[in-house]
Amino acid sequence: MTYHIAVVAGDGIGPEITQSAQQMLEQVGRTYGHSFVFDQVLAGGAALDALGMPLPEDSLKRCKQADSVLLGAVGGPKWDALPGHLRPERALLAIRKELGLFANLRPAKLYPELKEASPLRADIADAGFDMVIVRELTGGMYFGPSGRKDSPDGQQAYDTEIYSVKEIERIARVAFELAQGRGKRLCSIDKANVLESSRLWRETVHGLASEYPDVMLSDMLVDNAAMQLVGNPAQFDVIVTSNLFGDILSDEASKLTGSIGLLPSASLGEDKRGMYEPIHGSAPDIAGKGLANPIATILSVAMMLRLSFGLKQEADAVEGAVQRVLESGARTADIALGGPSVSCAQMTDLVLAELG
Ligand code: NAD
């Protein structure tokens with residue numbers, strides 16, 4: 001098979017880590033007889049510098065034409081002063097919206113070898129955790145009406161959380177189906193004691209439960225969930241939640257794994273195509289120094305192979321190679337706890353060698 005992949009390297013460490021990911025795909029192609037064709041697409045700060053806009057029309061078109069999109073990261077201090085519609089991050093929101101990528105899957109797993117890098121207390125880290133956070137990605141407060149107006153008390157600002165039954169059902173179905181293929185436990189996180197949008201969320205998720213009798217559904221309020229993640233993360237299998245809550249909780253979960261440089265993500269729509277990216281940003285503080293951890297992006301490639309291309313064996317091979325390299329003791333600086341470390345390129349070579 002030939003797969004066409006739009007590569008948005010982006011800014012900061014983006015080019016370094018997407019380079020690692022492409023090497024991984026080429027190796028998978030050689031070993032398993034697939035062909036991966038890469039189309040380098042400009043977006044983010046790189047597109048602003050070259051063409052004066054964060055997501056040129058041609059870039060969007062090429063992302064839409066591809067079988068999947070691989071993204072490094074966009075943004076950086078150089079573009080921070082620009083108005084909202086010209087910020088590099090606009091490119092991300094536009095690609096998600098235009099490709100209809102409403103489901104964001106963020107696995108968070110504690111590798112036993114990295115327990116010491118986790119901020120969790122030793123007994124909690126010993127219990128380990130392996131969860132997937134399913135975050136709604138194209139609705140809720142990030143897309144509802146927002147603005148400012150004058151009031152007798154000075155300016156007022158508002159953002160609005162809006163969810164429809166259709167939006168909640170489609171994200172809940174993704175989560176139920178994911179849970180069916182894993183530990184069969186789904187926790188829906190909301191703020192139903194206060195927010196009307198959360199009450200509709202809860203009702204709607206429960207309305208689907210009878211279609212998935214093998215999945216145990218529970219609810220949790222988001223404030224409790226923030227505590228449970230650090231107190232007893234092992235209890236979670238699949239979590240489903242809104243755009244805003246998912247954004248915050250998945251960053252919290254990422255920190256518990258030891259480094260944000262380890263966590264991949266997939267953004268999926270109605271068809272098989274998706275956008276795959278590490279959950280971290282462009283890390284301008286370490287860009288160009290060879291210090292980036294490429295594992296989050298490499299694991300994003302594994303998610304692409306499994307979820308968009310149905311290549312389970314190949315995805316398992318990539319994840320297994322990462323696991324064995326971590327078992328061997330190799331560490332990039334972010335997870336080395338001050339000990340000896342390897343560069344981004346060296347870590348990539350080690351995973352490639354294991355994969356081969
Ligand atoms: P960040 O995730 O880029 O960095 C946070 C910290 O984690 C930094 O200390 C960084 O060095 C470290 N880090 C991140 N990725 C790492 C990796 N792979 N290996 C080792 N260390 C890593 O977050 P930030 O500093 O808040 O944001 C920097 C820029 O990235 C901003 O312009 C922000 O808007 C943008 N951003 C982009 C995305 C995206 O493109 N998806 C996501 C988040 C932030």
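We count ligands from 1, going down the list as the structure has it; atoms in each ligand are counted the same way.
D11 places no side-chain N or O within donor-acceptor distance of the main-chain N or O of G76, the cut-off being under 3.5 Å. Panel note: side chain K97, backbone T138; a donor-acceptor pair is recorded below 3.5 Å. Listed for the R273 side chain is a donor-acceptor partner under 3.5 Å among the backbone atoms of K64. A distance-only check finds a donor-acceptor pair linking the side chain of S250 to the backbone of G246 [under 3.5 Å]. A distance-only check finds a donor-acceptor pair linking the side chain of T257 to the backbone of S254 [under 3.5 Å].
By the 3.5 Å distance cut-off applied to N or O atoms, A283 is counted among the residues near ligand 1. Inclusion of N293 in the set of residues having an N or O under 3.5 Å from an N or O of ligand 1 is warranted. Annotation: G281 places an N or O atom under 3.5 Å from an N or O atom of ligand 1; distance criterion only. Residue L92 places no N or O, backbone or side chain, under 3.5 Å from any N or O of ligand 1. Among the atoms of S282, some N or O lies under 3.5 angstrom from an N or O of ligand 1. In terms of polar-atom proximity, defined here as any N/O pair under 3.5 Å, S259 makes no such contact with ligand 1.
Using a 4.0 Å cut-off between heavy atoms, D334 contacts ligand 1 through its side chain alone, with no backbone atom that close. At a heavy-atom distance under 4.0 Å, no atom of I17 approaches ligand 1. With a heavy-atom cut-off of 4.0 Å, T297 does not touch ligand 1 at all.
The shortest contact between atom 10 (C) of ligand 1 and any protein heavy atom is with D285 OD1, 3.4 Å. Atom 33 (C) of ligand 1 has as its closest protein heavy atom E89 OE2, 3.5 Å. For atom 40 (O) of ligand 1, the closest non-hydrogen atom on the protein side is V74 N, 2.8 Å. Looking only at protein heavy atoms, the nearest one to atom 15 (N) of ligand 1 is H280 CG, 3.1 Å.
By the 4.5 Å heavy-atom criterion applied to side chains, E327 and Y111 are not counted as neighbours.
Between F176 and Y212, the two ring planes are parallel [angle under 30°; tilted spans 30° to 60°]. Note: H34 and F36 have perpendicular aromatic rings, judged against thresholds of 30 and 60 degrees for the angle between ring planes.
For atom 12 (C) of ligand 1, the nearest non-hydrogen atom from the set D80, I260, V8 belongs to I260.
Using a 4.0 Å heavy-atom cutoff, P284 is listed among the residues neighbouring ligand 1.
Of the charged side-chain nitrogens involved, at least one lies within less than 4.0 Å of a carboxylate oxygen, so that R96 and E277 count as a salt-bridged pair. Using a 4.0 Å cut-off between a side-chain N of Lys or Arg and a carboxylate O of Asp or Glu, D223 and K191 qualify as a salt bridge.
The distance from ligand 1 to the heavy atoms of A292 drops below 4.0 Å at these ligand atoms: 19 (N). Below 4.0 Å from some heavy atom of A73 lie the following atoms of ligand 1, by number and element: 40 (O). Taking a cut-off of under 4.0 Å to the non-hydrogen atoms of G76, the atoms of ligand 1 that pass are 32 (O). Every atom of ligand 1 with a heavy atom of G75 under 4.0 Å away is listed here by number and element: 32 (O).
At most 12 heavy atoms of other shown residues, nucleotides or ligands fall within 6.0 angstrom of atom NZ in K312.
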D334 vs T332, side chain to side chain donor-acceptor pair (under 3.5 Å): CA-CA, chis, key distance, verdict = CA-CA 6 Å; D334 56 317; T332 43; 2.6 Å; yes
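The protein reaches atom 36 (N) of ligand 1 closely, with a heavy atom under 4.0 angstrom from it. Proximity of atom 21 (N) of ligand 1 to the protein is indicated by at least one non-hydrogen atom lying closer than 4.0 angstrom. Protein heavy atoms are absent from the 4.0 Å sphere centred on atom 6 (C) of ligand 1. Protein non-hydrogen atoms do not reach within 4.0 Å of atom 24 (P) of ligand 1. Distance check on atom 30 (O) of ligand 1: some protein heavy atom falls below the 4.0 Å cut-off.
Grouping the Ile, Leu, Val, Met, Phe, Trp and Tyr side chains by contacts below 4.5 angstrom, directly or via other members, places I95 apart from L42.
Defined by atom type and a distance below 3.5 Å, a donor-acceptor pair is missing between the side-chain atoms of R62 and Q65.
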